[in-house]
Amino acid sequence: MPEAITVVVNGEERRVGAQASLLDLLALLELDPRGVVVELNREIVRRPQLGEKTLHDGDRVELVHFVGGG
Amino acid sequence: MTTTVATLVDQPLAIGGREFRSRLMVGTGKYRDNETMARAIKASGAEIVTVAVRRVDLDRTKQEGILFHLDPKRYFLLANTAGCYTADDAIRYARLAREAGFNEFIKLEVIGDEETLLPDVEGLLQAARTLVQEGFEVMAYTNEDLVTALKLEDTGCAAIMPLASPIGSGLGLINPYTVRTIKRRVSKPVIVDAGVGTASDACVTMEQGVDGILMNTAIAAAQDPIAMARAMGHAVEAGRLAYLAGRMPRREIALPSSPTTGMLD
């Protein structure tokens with residue numbers, strides 16, 4: 001087992017494998033990257049870069065999408 | 001004898017370089033279920049449909065998202081910054097919305113008061129300036145104040161969106177005069193956003209000469225949202241046509257419609 005790190009995803013702590021990318025995180029959460037927008041430490045990460053961005057301990061990730069609204 | 005039916009042909013609604021046929025825009029919030037929402041939106045005839053940006057619920061990622069029910073090829077998705085109380089928050093939400101990849105339009109809301117949900121015009125102007133510089137087509141939800149509307153236009157907003165009455169109140173068009181004044185003075189499209197309660201409110205609002213209406217609760221919270229959506233579609237069209245037709249002058253005394261001559265002795 002690789003070493004695990006703690007990241008905060010949508011306000012909740014999650015344990016993920018060290019070296020995990022944002023794309024790995026989405027896979028772990030069973031989320032289609034085409035359906036979410038990802039913010040890592042307040043910076044938007046574009047879809048093509050999701051696989052290149054490696055998570056670090058304490059990173060804050062926001063995963064957002066469109067919901068009903070007026 | 002030939003009869004000519006003079007049909008007033010309206011111009012399409014042009015906002016931020018795009019053209020729309022329908023002058024009714026609808027929200028997607030507060031519906032009892034997504035199927036009712038989809039049917040109501042279809043019945044309304046609206047093309048522009050608003051959505052909000054929120055966190056994905058990580059416990060329910062298997063659930064169908066709202067876009068499953070709203071074909072982005074058929075509807076123009078207008079993301080909002082509802083729920084934002086500062087310019088920085090609104091800018092953050094707008095950037096996230098644009099990243100979703102549909103378009104560069106944003107319905108900008110910067111709320112200043114929780115009870116009335118009235119806009120914070122200082123934050124609104126600040127956010128509008130930044131977002132316009134970043135290439136957004138900003139549709140700014142604002143109050144009835146002409147000076148704020150003029151300042152928003154100066155920032156380069158694509159549309160000015162004064163309220164009819166507070167969001168979700170259903171109180172209708174409280175101050176037709178201020179909305180008319182904004183429409184007269186602003187050259188960008190004026191879309192009345194929020195406060196319409198029923199079809200007559202929508203009709204009266206369009207009769208002021210504004211370019212369109214955005215509504216959500218009036219349809220979603222009706223007993224039968226699909227029927228109300230249809231009524232709203234008709235009301236917006238009727239109000240628009242009545243405005244273009246030009247109403248008769250008001251008179252304080254009666255004027256007979258039938259001839260006063262040819263009466264029997």
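Keep in mind that this is a model prediction, so the values were computed, not measured. Letters A, B, ... mirror the listed sequences (proteins, then strands); counts begin at 1.
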**OP:** Show your working on side chain to side chain contact (heavy atoms under 4.5 Å, CB included) between A/Val37 and B/Arg95 and close with a plain yes or no.
**Re:** CA-CA 10 Å; A/Val37 177; B/Arg95 288 172 179 159; over 6 Å; no

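- Counting heavy atoms of neighbouring residues, nucleotides and ligands inside a 6.0 Å radius, atom CD of A/Gln49 exceeds 12 of them.
- At most 12 non-hydrogen atoms from other residues, nucleotides or ligands lie less than 6.0 angstrom from OH of B/Tyr93.
- For a residue to count as touching a neighbouring chain, one of its non-hydrogen atoms must lie under 4.5 Å from one of that chain's; by this rule B/Phe102 touches chain A with the side chain only.
- Note: B/Ile66 leads B/Leu78, B/Ile167, B/Ile66, B/Val26 in heavy-atom pairs under 4.5 Å with chain A.
- Within a 6.0 Å sphere centred on CZ of B/Arg230, heavy atoms belonging to other residues, nucleotides or ligands number 12 at most.
- Of the listed residues (B/Thr50, B/Asn34, B/Leu70), the greatest number of heavy-atom pairs within a distance under 4.5 Å of chain A belongs to B/Thr50.
- Salt-bridge formation is detected for the pair B/Arg92/A/Glu39: a Lys NZ or Arg NE/NH1/NH2 atom is positioned less than 4.0 Å from an Asp or Glu carboxylate oxygen.
- Using a 4.5 Å cut-off between heavy atoms, B/Lys107 contacts chain A through its side chain alone, with no backbone atom that close.
- Closest heavy-atom contact between B/Ala52 and A/Gly68: CB-O, 4.1 Å.
- A distance of 10.0 Å separates CG of B/Leu58 from CG of A/Leu28, quoted to the nearest 0.5 Å.
- Looking at A/Val67, the atoms closer than 4.5 Å to chain B (heavy atoms on both sides) sit in the backbone and in the side chain alike.
- Atom CZ of B/Arg39 has 12 or fewer heavy atoms from other residues, nucleotides or ligands within 6.0 Å.
- For A/Arg34, no part lies under 4.5 angstrom from a heavy atom of chain B.
- A donor-acceptor pair is defined here as one N or O able to donate and one able to accept, closer than 3.5 Å; such a pair exists between the side chain of B/Asn80 and the backbone of A/Gly70.
- Annotation for B/Glu99: atom CD counts as buried by contact number, over 12 foreign heavy atoms lying within 6.0 Å.
- Heavy atoms from other residues, nucleotides or ligands lying under 6.0 Å from CD of A/Glu52 number more than 12.
- With a 4.5 Å cut-off on non-hydrogen atoms, A/Ile44 touches chain B through its side chain but not through its backbone.
- Looking at B/Leu96, both its backbone and its side chain come within 4.5 Å of chain A, counting heavy atoms on both sides.
- Put simply, the side chain of A/Val64 does not reach to within 4.5 Å of the side chain of B/Val56, judged on heavy atoms.
- The parts of B/Ala97 that come within reach of chain A are both its backbone and its side chain, each placing non-hydrogen atoms under 4.5 angstrom from that chain.
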